[in-house]
Amino acid sequence: MERKNLGVLVSGRGSNLQCIMDACAAGKIPARVAVVISDHSDAYALERARQAGIPALAVNMRDYPDKAGYELYIVEVLQKHGVHLVCLAGYMRLVGPTLLGAFAGRIMNIHPALLPSFPGLHAQEQAWRYGVKYSGCTVHFVDDGMDTGPIIMQAVVPVYDDDTVDMLTERILEQEHRIYPEAVKLYCEDKLIVEGRRVRVRV
Ligand code: GRF
């Protein structure tokens, strides 16, 4: 099977990026991280990529006249690195039509709640405040909505009575680190079949 090239978009810490890079390096995913792009130059994720010898760059939206221009440059970089799949890993922006159009059906995201509940920012805190007894995380394909694309994989975690938001966030993050590489692996093995909103795994 041909090894796929991944492009990872980040904004911050990059722990999910790290898990994906590690899984690729260990041969668990038939892919390599070809390039990492951050919308913030001070994102620790860039440092992680550089330590792994992976090209990493910051693209600042302020340097472009509009979002389309900003995304066009990102698309150029992704294409230059022969990227097949774009993984959003803590990328804190909505993907616009330029990037979506260039990588239709080839952009994934990890969200720290059980979608369709608690989309958007601070999902762990939203769930904690709402008082749900279970939350979790979701890997999904990206469409033009906010965390609305077809769901690939989910993991459930309990919410305990004496949890703080931080404790719940930590418990969810452990599962993110498990299911994101797993979902990327299935994609890279051509095992994901998308039928409308439903994503099946080829057996
Ligand atoms: C994760 O909780 C992810 O679900 C959300 O942003 C956070 C990113 O963390 N989209 P990291 O940068 O991967 O450590």
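Just so you know, residue 1 is the first one in the sequence shown, and it goes up from there. Read the numbers this way: they start at 1 and go in the same order the structure lists the ligands and their atoms.
- At the top of the distance list for atom 6 (O) of ligand 1, counting protein heavy atoms only, stands Gly90 CA, 3.6 Å.
- Closest to atom 12 (O) of ligand 1 by heavy atom, among Ala123, Cys19, Gly14, Ala113, is Gly14.
- Protein heavy atom at the shortest distance from atom 11 (P) of ligand 1 is Ser15 N, 3.4 Å.
- A parallel orientation is assigned to the rings of Tyr64 and Tyr73, their planes being inclined by less than 30° (bins at 30° and 60°).
- Residues passing the side-chain hydrogen bond (donor to acceptor under 3.5 Å, both in side chains) test with Gln154, sequence neighbours excluded: Thr138.
- Of all atoms in ligand 1, listed by their number and element, those nearer than 4.0 Å to a heavy atom of Arg13 are 9 (O), 11 (P), 12 (O), 14 (O).
- Taking the charged nitrogens against the carboxylate oxygens, Lys185 and Glu189 do have a contact shorter than 4.0 Å, which makes a salt bridge.
- Annotation: Asn16 places an N or O atom under 3.5 Å from an N or O atom of ligand 1; distance criterion only.
- Exactly one residue among Val86, Val142, Val10, Asp39 makes a side chain to side chain contact (heavy atoms under 4.5 Å, CB included) with Tyr91. That residue is Asp39.
- In this structure, Val132 belongs to a hydrophobic cluster whose other members, linked by side-chain heavy atoms under 4.5 Å apart, are Phe118, Trp128, Tyr130, Val157, Val159, Val165, Leu168, Ile172.
- Annotation: atom 10 (N) of ligand 1 to nearest protein heavy atom, Ile110 O, 3.2 Å.
- For Asn109, no nitrogen or oxygen atom sits less than 3.5 Å from a nitrogen or oxygen atom of ligand 1, counting backbone and side chain alike.
- Taking the centre and axis of the six-membered ring of Phe141, the NZ or CZ atom of Arg106 falls outside the cone set by 45° and 6.0 Å.
- The nearest heavy-atom contact from the protein to atom 2 (O) of ligand 1 is Glu176 OE2, 3.0 Å.
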